[in-house]
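Some notes on the structure that comes next.
Just so it is clear, the structure is predicted and the values come from calculations on it, not from any experiment.
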Amino acid sequence: MICFYTWPDHRGMLFGMNKRGYWPMWKLWDGFGIADAKMAGFWEDNPVVSTNQKNVYATTYIFHYKVLVAIGSWVDEPVEVNLNIDWERLGLSPDGVTIEAPEIKDYQNKRLFKVNGSIPIAAKRDLLLVISKK
């Protein structure tokens with residue numbers, strides 16, 4: 001059995017949480033439009049985005065034609081994941097998007113990823129990605 005308790009600043013976005021007063025995350029949320037986004041959790045029967053690794057989960061926040069994906073790992077070592085994305089449900093084409101880990105001060109560095117490439121996730125950590133039209 002997995003316990004999903006976590007410090008709210010690491011993996012909390014899988015549940016729509018963040019530590020109080022962490023302004024860099026709130027800046028990302030505001031810039032993305034998270035207040036008007038639809039949350040689709042990893043616990044759903046048919047998630048919009050999932051990973052190919054056991055104990056690594058993805059929750060999506062969908063706002064028009066962009067998606068914020070929170071990936072969280074409960075694995076004791078770093079892993080490489082591939083995303084399983086239901087492009088049709090997102091209304092996007094894999095040929096017309098970028099996948100970026102945005103810069104969030106003291107949280108994560110900016111990085112770009114290939115649509116069908118693997119994504120490194122640190123042990124028991126998370127990564128936030130924005131998938132958007134080019």
Output, in order, the C-alpha distance, side-chain angles, deciding distance and verdict of side-chain contact (heavy atoms from CB on, under 4.5 Å) for Val97 and Tyr65. CA-CA 10 Å; Val97 299; Tyr65 294 104; over 6 Å; no

Evaluate side-chain contact (heavy atoms from CB on, under 4.5 Å) for Asp126 paired with Tyr107, printing each intermediate quantity in order. CA-CA 10 Å; Asp126 70 346; Tyr107 195 89; 2.3 Å; yes

Checking Tyr57 against Trp74 for the side-chain contact (heavy atoms from CB on, under 4.5 Å) test, could you report, in this order, the C-alpha distance in whole Å, the side-chain angles of both residues, the deciding distance, and whether it holds? CA-CA 9 Å; Tyr57 305 96; Trp74 272 261; 3.8 Å; yes

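Between Pro102 and Gln108, the closest side-chain pair of non-hydrogen atoms falls below 4.5 Å. Counting heavy atoms from C-beta on, the side chains of Phe32 and Leu128 never come closer than 4.5 Å. Counting only heavy atoms from C-beta outward, the side chains of Ile34 and Phe63 never approach each other to under 4.5 Å.
Of the possible donor and acceptor atoms, one in the side chain of Asn52 sits under 3.5 Å from a partner among the backbone N and O of Asn82. Under the 3.5 Å distance criterion, the side-chain polar atoms of Ser73 are matched with a main-chain donor or acceptor of Val75.
In this structure, CE on Met39 lies 10.5 Å from CG on Leu68, to the nearest 0.5 angstrom. The CD1 atom of Ile104 sits 4.5 Å away from atom CE of Met25, with the distance rounded to the nearest 0.5 Å. Between atom CD1 of residue Ile131 and atom CG of residue Leu129 there is a gap of 6.5 Å, rounded to the nearest 0.5 Å.
Here the closest heavy-atom approach between residue Pro120 and residue Phe113 is recorded as CD-CE2, 3.7 Å. The minimum heavy-atom distance between Gly41 and Pro47, with the atom names listed, is O-CB, 4.1 Å. Shortest non-hydrogen contact noted between Val67 and Leu92 is CG2-CD1, 4.2 Å. Minimum heavy-atom separation, Val69 to Ala58: CG1-CB, 4.1 Å.
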Which donor-acceptor pairs under 3.5 Å do side chains of residues 84-91 form with protein atoms, sequence neighbours excluded?
{"from": "Asn84", "atom 1": "ND2", "to": "Ser50", "atom 2": "OG", "distance (Å)": "3.3"}
{"from": "Asn84", "atom 1": "ND2", "to": "Thr51", "atom 2": "O", "distance (Å)": "3.4"}
{"from": "Asp86", "atom 1": "OD1", "to": "Glu88", "atom 2": "N", "distance (Å)": "3.4"}
{"from": "Asp86", "atom 1": "OD1", "to": "Arg89", "atom 2": "N", "distance (Å)": "3.2"}
{"from": "Arg89", "atom 1": "NH1", "to": "Asn46", "atom 2": "O", "distance (Å)": "2.8"}
{"from": "Arg89", "atom 1": "NH2", "to": "Asn46", "atom 2": "O", "distance (Å)": "3.2"}

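With sequence neighbours excluded, no residue forms a salt bridge (charged side-chain N to carboxylate O under 4.0 Å, His left out) with Lys54.
Exactly one of Arg111, Lys110, Lys114, Lys134 qualifies for a salt bridge (Lys or Arg N to Asp or Glu O under 4.0 Å) with Glu100. That residue is Lys110.
For the salt bridge (charged side-chain N to carboxylate O under 4.0 Å, His left out) condition, the pairs that include at least one residue of residues 61-80, sequence neighbours left out, are Asp76-Lys124.
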